[in-house]
Number of protein chains: 2
Amino acid sequence: MAATIKDIAKKTGLGLATISSYINGGNVRETNRIKIEEAIEELHYEINEVARGLKTNSTKIIGVVIPELNNIFCTEIITSVEDILRNHGYATIVCDCRTDVELEKEAVDFLYRKRVDGIINMPVNAKGSHLRKFKKAGKPIVLIDRVIQELRCDSVVVDNRKAAHDAVKQFFDQGHKKIGIIAGPEDISTANERLAGYMEAWEEQGLEIPQSLIFRGDYTIESGVEGLETLVKENPDMTGVLLSNYEITMGAMIGINELGINIPDDLSVIGFDNLSFARACKPKLTVVTQPTEEIGMQVAHLILERLEHPVKTAGDKDKNNENNRDTKDENLIQDIKLQTKIVEGKSMKTIKE
Amino acid sequence: MAATIKDIAKKTGLGLATISSYINGGNVRETNRIKIEEAIEELHYEINEVARGLKTNSTKIIGVVIPELNNIFCTEIITSVEDILRNHGYATIVCDCRTDVELEKEAVDFLYRKRVDGIINMPVNAKGSHLRKFKKAGKPIVLIDRVIQELRCDSVVVDNRKAAHDAVKQFFDQGHKKIGIIAGPEDISTANERLAGYMEAWEEQGLEIPQSLIFRGDYTIESGVEGLETLVKENPDMTGVLLSNYEITMGAMIGINELGINIPDDLSVIGFDNLSFARACKPKLTVVTQPTEEIGMQVAHLILERLEHPVKTAGDKDKNNENNRDTKDENLIQDIKLQTKIVEGKSMKTIKE
DNA sequence: TATATCATCCGAAACGTTTCGGTTGTATTC
DNA sequence: GAATACAACCGAAACGTTTCGGATGATATA
């Protein structure tokens, strides 16, 4: 049906190899160049990337597996990643796995069968078995936002512990004593790190944390609503609360709205991410923001680097470095950690002694 | 490197065709089944979809081209589409074209070269030349949200005119007289339809619209901020405003916040989309909501239908129906139009006579 | 003019599947 | 036990590229 390189060869009277060479940037005689271009135009020839991929054993596609497409933190990063990869000739297949481990594995397997050249993953949890195929095949893997202990590979994360610590410290500095947190689920490392930062700030004050001030949500809007209502009910004396991701922040604002709580007079809050949302809240929210665009840039550059200088797999090593096996790889691994910052709003009250 | 069907054949002593048949659900003797499965396990065989795609001339991939990944309206729809397609054995490649016509064309061309089986597009503007290749190749196209006049193909849209009309009518019903709108850009059909609905409601009242009440934004947060500030400044007597998409709604809320305007006492508003955001606003916003999940479902089913019963291209027709050319196709085309609904909040004031 | 150099061109083989048409072997029927 | 039916099996060709090694022709050099 569609025109092939053979049709072009036939039409121009040239050989297959010549057409192929021309298409891939090779030189041909001027008269032939014209003939080829005319034939391409006339037959509506378009290169068949499937065939090319089979032959070259590289698809120029990077797989991206994220827990949720419908999540601004993810999409901001992906937008940034895509931009850079596209400018380097790579396309992306984005797979949303609905925060489901099964679907995540399916997505990774699917991408493997599609023979993508590398994979970028914001993992659902801290296990990494689903990525083993890629590791074994020597194809680059870059993790976003969450690291996987059992799988050594490049990653880009933010300093979650410090982010939460600094936010909670700000509460203490402003004279707050009862500071709550709506944390994320236990199987997500960022959630645990943020909770750890929260605890660390308490420890610095030499204070014991009342357990009732910690609510474990699951990074959803609903858990934000529920968390806020629970915390407020169980801690009538709570004066501040840290909302540990964007969905929880939004959920908490809904709860605050419905309960008729006044910010910052009744309660001070520090939210997370999405500056536009923070500005649209009344009063404007103080939030911790993550450098999503920067994350995307780092991720993209990391994987491009690996695509050009692949890490040797164990099988490739020659006799010389049989002893220091893997050490080279290990040394090459890059763990990039970026810093968050706090953008001041009007949701924080200063409590006088 | 990676194991192939040949390796399995060699290892099991069976023929190539047998392995292939087994992989595709064919029957083999029980003893052979075990041998094959063992070999697959041992050699870590994974089917090569690139090779399969070349041979079968079908990739089981649907391309999705949208103006912006970083847009909740888009991602909600895609999430829903993806879910259904995946359950029918199709994967998706999502391309964000940054609301740029050039990039949109590049994305479509890219997907064509990748030989995707069909394409779903939320077009940047009303021209459709970028999709011609797919039309010509007889591959299904489904448009979302915006129709393209010159290109007859399936589409799923919402009744934008009625959506805006009903919202504005509600303002009039509540006694408002000076009702503004922050509209979208002129080259996007939904923006024009919503503006038309706004005008229609005015006409029903037999009133002339002061031009100063109409602000043309571009569907971004920034234009929402700017639009609100402009409208308020130029129309001190404006009592209500319709915000014609989610970004504009958020932007307007930022503007309202910064100007210290009280809702609904100083100004009543009706926003668009994203119910969670509406609930998080203070007071809770009244919004027009679009059925994103339903849109996604319809889109997915439409393209699945077409994949199974492809429309005949002009070239395929035989002599018998040479006269009624294309009529069959035309009749088959489905334009699905869905309705929005208004979710009441507390951002609307009733004005007494 | 003869030789060397170099750009351009070429066909065949290969990538890993699916599929066609045909062969083998087992079970069923008479 | 022969004839029949049918499931299971098989190799070769094909899908549309890239690439290898070599052939051809034009130009520069002697």
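Below, chain A is the first sequence line, B the second, and so on; all start at residue 1.
At D/dT18, one or more side-chain N or O atoms of A/S20 fall inside 4.0 Å of OP1 or OP2 (strictly under the cut-off). The phosphate of C/dC15 has neither OP1 nor OP2 within less than 4.0 Å of any side-chain N or O from B/N48. When the side-chain nitrogen and oxygen atoms of A/Y45 are compared with OP1 and OP2 of D/dT17, one or more of them lie within a distance under 4.0 Å. Residue B/N32 places none of its side-chain N or O atoms closer than 4.0 Å to OP1 or OP2 of D/dA8. For the OP1/OP2 pair of C/dT18 and a distance below 4.0 Å, the side-chain nitrogens and oxygens of B/R52 include at least one atom meeting the criterion. A/T18 has a side-chain polar atom (N or O) that falls below the 4.0 Å cut-off from OP1 or OP2 of C/dC10.
Judged by the 6.0 Å distance and 45° axis criteria, B/R132 is not positioned over the aromatic ring of B/F134.
Remark on the helix from C/dT1-D/dA30 to C/dC30-D/dG1: inter-end axis angle 40°, axes from five-pair C1' superpositions, rounded to 10°.
Two residues, B/S21 and A/N27, neighbour DNA chain C, and the one matched to the more 5' nucleotide by heavy-atom proximity is A/N27.
Residue pairs that meet the salt bridge (Lys or Arg N to Asp or Glu O under 4.0 Å) test with at least one member in residues 10-28 of chain A, sequence neighbours left out, are A/K11-A/E42.
Here A/R98 pairs with A/E68 in a salt bridge; the nearest charged N to carboxylate O distance falls below 4.0 Å.
With hydrogens and angles disregarded, a donor-acceptor distance shorter than 3.5 Å links the side chain of B/T56 to the backbone of B/R52.
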